[in-house]
Amino acid sequence: MDQAEDRLRLATALAEARAGLAEGGVPIGAALYDADGALLGRGRNRRVQDGDPSLHAETAAFRAAGRRRTYHGTTMVTTLSPCWYCSGLVRQFGISRVVIGEAATFRGGHEWLAEHSVEVVVLDDPGCTALMRDFVITHPDLWNEDIGAIDE
């Protein structure tokens, strides 16, 4: 897979992230593609909008893709390094590849995924980085809640 195609796919996830931000949520988006490049599902973090702590972007894209016999050969594209919850989803269902817009704002489980035979591509996309950095600065409480960094 070439990086130009990965960047085109990232545009779908980034559109989801921007839609989530416009709804008052955390701007993280994702999309799941099959081995031939067909879009299976897309989604955004909707924890705030739906009051559902499990509704991360990767989870939403995975759910939108629907039930499949196997996820081997699929690619999860996400604007931000997947958290441990979403990394577990990738590993549990055998998603073969993860394309990440940026991993500077948050380092999730992508290195662990790579250690477990998942192909990981980090694009260091400036649009994804700017979107998340601006959000972290303007909504620190919501960001800390999202990543589980709230002190009791």
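Note that the coordinates shown come from a computational prediction; the quantities given were computed from them, not determined experimentally. Values below: every heavy atom of this structure, side chains too, minus hydrogens, waters and symmetry copies.
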What is the distance from atom [atom1] of [X] to atom [atom2] of [Y], rounded to the nearest 0.5 Å?
{"X": "E102", "Y": "L10", "atom1": "CD", "atom2": "CG", "answer": "10.5 Å"}
{"X": "D146", "Y": "F106", "atom1": "CG", "atom2": "CZ", "answer": "8.0 Å"}
{"X": "I147", "Y": "L142", "atom1": "CD1", "atom2": "CG", "answer": "11.0 Å"}
{"X": "E115", "Y": "H110", "atom1": "CD", "atom2": "NE2", "answer": "10.5 Å"}
{"X": "N45", "Y": "L21", "atom1": "CG", "atom2": "CG", "answer": "11.0 Å"}
{"X": "M76", "Y": "S96", "atom1": "CE", "atom2": "OG", "answer": "11.5 Å"}

Any donor and acceptor pair, going by atom type alone, linking the side chain of [X] with main-chain N or O of [Y] inside 3.5 Å?
{"X": "T79", "Y": "A13", "value": "no"}
{"X": "T138", "Y": "D134", "value": "yes"}
{"X": "S81", "Y": "G108", "value": "yes"}
{"X": "R7", "Y": "L123", "value": "yes"}
{"X": "D34", "Y": "D36", "value": "yes"}

- Task: Can you label the angle between the W112 ring and the H116 ring as parallel, tilted or perpendicular, going by 30° and 60°?
- Result: tilted
- Classify the ring geometry between Y71 and F93 as parallel (under 30°), tilted (30 to 60°) or perpendicular (over 60°). perpendicular
- Task: Under the side chain to side chain contact (heavy atoms under 4.5 Å, CB included) rule, what do L55 and R63 come out as? Steps first, then yes or no, please.
- Result: CA-CA 10 Å; L55 200 44; R63 288 176 179 165; 3.2 Å; yes
Can you get from [X] to [Y] by hopping between Ile, Leu, Val, Met, Phe, Trp and Tyr side chains that sit under 4.5 Å apart?
{"X": "V99", "Y": "V120", "answer": "no"}
{"X": "V118", "Y": "V121", "answer": "no"}
{"X": "L40", "Y": "L8", "answer": "no"}
{"X": "Y85", "Y": "V90", "answer": "no"}
{"X": "L80", "Y": "V26", "answer": "yes"}

Ignoring hydrogens, what is the shortest heavy-atom contact between [X] and [Y]? Give both atom names and the distance.
{"X": "P82", "Y": "S87", "answer": "O-OG, 3.2 Å"}
{"X": "A65", "Y": "L32", "answer": "CB-CD2, 3.8 Å"}
{"X": "A17", "Y": "G29", "answer": "CB-N, 3.5 Å"}
{"X": "R42", "Y": "L39", "answer": "CD-CD2, 4.1 Å"}
{"X": "I100", "Y": "A103", "answer": "CG2-N, 4.4 Å"}
{"X": "C128", "Y": "G101", "answer": "SG-CA, 3.9 Å"}

- Message: What I'd like to find out is whether the side chain of I28 reaches to under 4.5 Å of the side chain of R44, using heavy atoms alone.
- Response: no
- Could you give me the CA-CA distance, side-chain angles and deciding distance for D124 and T129, then say whether side chain to side chain contact (heavy atoms under 4.5 Å, CB included) is met? CA-CA 7 Å; D124 293 320; T129 303; 6.0 Å; no
- Item | Residue pair Y33 / T12, side-chain donor-acceptor N/O under 3.5 Å | yes
- Run the side chain to side chain contact (heavy atoms under 4.5 Å, CB included) check on L113 and V98 step by step: do they pass? CA-CA 9 Å; L113 288 171; V98 176; 4.2 Å; yes
- Message: Do the side chains of D52 and R46 get close enough for a salt bridge, i.e. N-O under 4.0 angstrom?
- Response: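 No salt bridge links D52 with R46.
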- Item | Steps toward side chain to side chain contact (heavy atoms under 4.5 Å, CB included) verdict (V136, T105) | CA-CA 9 Å; V136 170; T105 305; 3.9 Å; yes
